[in-house]
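A short worksheet on the structure shown next.
This structure is a prediction, so every number in the text was calculated from the model and none was measured. All chains are named by letter (A, B, ...) in the order of the sequence lines, taking the proteins before the strands, and each is independently numbered beginning at 1.
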2 protein chains.
Amino acid sequence: MEEQKIKNMEEFSAVSGISRPTISKYFNDPSSVRRSTRERIEEAIARYGYRPNLFAINQNRKFTKNIGIIVPHIVDPFYAEIVRQIETRCIEAGYWAIVLGSHGDAERELSAIEMLYSLRIAGAIIAPLGDTSVSDRIRRLAADIPTVIFDNHMNGDEIFVGTDNFQSVGLMVDYLCRSGEPPCFLDMPAVNTNARERREAYVRAMEEQGFQPHVIPAESAGWDFEELGYNAGLRLLPAHQLPTNTVLCANDRMAIGLIAAAFEKGLRVGRGAATALRVAGHDDHPMARFTAPALTTVAQDYVSIAENSVSTLFGMIENGVRPASPLRRLEGKLILRASA
Amino acid sequence: MEEQKIKNMEEFSAVSGISRPTISKYFNDPSSVRRSTRERIEEAIARYGYRPNLFAINQNRKFTKNIGIIVPHIVDPFYAEIVRQIETRCIEAGYWAIVLGSHGDAERELSAIEMLYSLRIAGAIIAPLGDTSVSDRIRRLAADIPTVIFDNHMNGDEIFVGTDNFQSVGLMVDYLCRSGEPPCFLDMPAVNTNARERREAYVRAMEEQGFQPHVIPAESAGWDFEELGYNAGLRLLPAHQLPTNTVLCANDRMAIGLIAAAFEKGLRVGRGAATALRVAGHDDHPMARFTAPALTTVAQDYVSIAENSVSTLFGMIENGVRPASPLRRLEGKLILRASA
DNA sequence: CTATAAATTTTTCGCGCGTAAAAATATTGA
DNA sequence: TCAATATTTTTACGCGCGAAAAATTTATAG
């Protein structure tokens, strides 16, 4: 790389011997220029290390190459992993993925949406918090700009990609009933539609099997699921207040907390003869393999969720094609480990 | 909010009755305009919901209000948490935090740095991967733009904020030796300076206490620490190949894996009489409270790291003040839980 | 009420690039 | 070789805003 630093496209045009508009065309779509020209440009890029100014690019373009992504918590490995997948795919397609977190706060989610507007994004991929007032705002966004919702359905006609909770929870309930005592359900706080759906799915599946459902309601709100599961365990386990000794948790993070509490209280978790408790989760959280014992759960298909979201979105952006069905419900997969 | 949507500052100037440059001044610093003017502007904002175009703003500003953040893995809760802290502080100070992940790949780290250039950032906060070729590039960045390095020291004279591994590891070694058998050290892959420093710190601390250090080298490379710890456990525990029954892990994620392996092999972890193994970690990873048993570790002060990084950076950006000492080493705090 | 400083407005320019249209040039195929 | 087509160059304009300088208004003091 030469010492001389290129300030703008004008200068780069000079040193590369190609006219500025052609260079502009190249950066918009390398395949739009003749091969010999492309090679000369790429040679010059390698030599001088020039990259167009991102702000100037987007300033005047009819449609930007920016994709906005909003998730409730980047800290949550579930979202982190999906974001990573989405990000990689966007970069490959020549888009810039701008990731915004709402940190569980509806206010911040709203301001993230405003931010997307001022970024003049080409499309958005959003996992909504679930606050109904924000949902309206998101729907308006979706009316203006190609938008895919994932993870948490908003109960409208928006484009959605997510796990079929009725299928996935049904699968787990079925397995637990077949292999032992029917489960009770440790509910998560009602932070979103998934919470409600999974509870309903549990109740429905139990009734279908001819068993009495038992839902243990969440004691407090918020997103600190491990803590909630842990506290529920400390509260319920020693007093033998669980309706049954098989617990299906609304998500893995709660299960992780519950298992920690069980361990602390000297209760053996697992499906063997000498165990006191079976615990199952939902999601196949990255940490689920490393609980003690390893967590039996239903895997959400991270890769498919990311893939579907991105390809659906690109279809809408580049070809203006709305998917045939707005809903894409992916199947969960039973992951049998030692905890249940 | 009125129906009429404002397209640009010109139009907003018209409807609000304030000249465009004054409005520009307001958005750059609300306190720079007269109070009565400010109130009129804010009233109009509430009415029309106008926000300046982000690309146009940064297009022509001498110094942008963008802070670039690069971390090895956003998926890692340690980085995720620090990023969250930094992000919040940036927003409060009127900056936009642009978070880029290198995903453990030096290539992507390099391209993230180039991205920061084209974003014309005012400053950068970077946790480097540790690749030496990229380190040079980061140093050049730091020469051009105010930059704070955190977590992983690059052994140069760059501005750095991170935990004092010699202090923190020393603390833990000291505790373990006082409370029982001296520990061996389960090393992490040499992905960065922390890996080397912690091992050295362990060796030095053991020697100071007059004990023979035992380092168990990492078997493979990469960032999948839980997996590495787990595999090490499966390999070493059944064969009784551990030099001692107290294991200090280079980080919590490895400890989490090791504890999972111990559980699977039926070995009780903890500091009681009936236990087979003591396990300690380093970092106070968000999950450390929920292992079975809960993990004894040394806490890195997330909040201080974020706070120091940001305030140091803002000092450099806004007042051009380099900190008196380029190195800021924060103390770790011993967190006693049940595992050791 | 006047002088002066401070705040604000007006005017004007330019950032780096996208984009459009017309002109010039290169490539292709017969 | 020559027209037909593809590509590049030339020329020119505009995006939405920051910034600097000059003109004007407003606030503060005397």
What is the separation between atom [atom1] on [X] and atom [atom2] on [N], rounded to the nearest whole Å?
X	N	atom1	atom2	value
N53(A)	dC15(D)	CG	P	19 Å
E10(B)	dT12(C)	CD	P	14 Å
Q59(B)	dC17(C)	CD	P	8 Å
F12(A)	dG18(C)	CZ	P	13 Å
I6(B)	dC17(D)	CD1	P	11 Å
F55(A)	dC15(C)	CZ	C1'	13 Å
D29(A)	dG18(C)	CG	C1'	15 Å
I57(A)	dC15(C)	CD1	C1'	14 Å

Aromatic ring pairing H153(A)/F160(A), orientation class (parallel under 30°, perpendicular over 60°, tilted between): tilted
Sugar-phosphate only, base, or nothing, as touched by N28(B) at under 4.0 Å among non-hydrogen atoms: sugar-phosphate
By ring pair (Phe, Tyr, Trp, His ring centres under 6.0 Å), which residues pair with [X], not counting sequence neighbours?
X	value
F314(A)	Y95(A)
F12(A)	Y50(A)
H73(A)	W223(A)

Under 4.0 Å between a side-chain N/O of [X] and OP1 or OP2 of [N], yes or no?
X	N	value
S24(B)	dC17(D)	no
Y50(B)	dG16(D)	no
N8(A)	dG16(C)	yes

Pairwise salt bridge (Lys or Arg N to Asp or Glu O under 4.0 Å) hits with a residue in residues 76-98 of chain B, at least two apart: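 Counting only pairs at least two positions apart or across chains, the salt bridge (Lys or Arg N to Asp or Glu O under 4.0 Å) contacts touching residues 76-98 of chain B are D76(B)-R253(B), E81(B)-R84(B), R89(B)-E307(B).
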Per-nucleotide protein contact string for nucleotides 7-12 of chain D, where B marks a base within reach and S marks sugar-phosphate only (heavy atoms under 4.0 Å, - for neither): SSBBBB
Residues that N155(A) engages under side chain to side chain donor-acceptor pair (under 3.5 Å), provided they are two or more places apart: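 Expected list: none.
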Check: D151(B) main-chain N/O paired with N194(B) side-chain donor or acceptor under 3.5 Å: yes
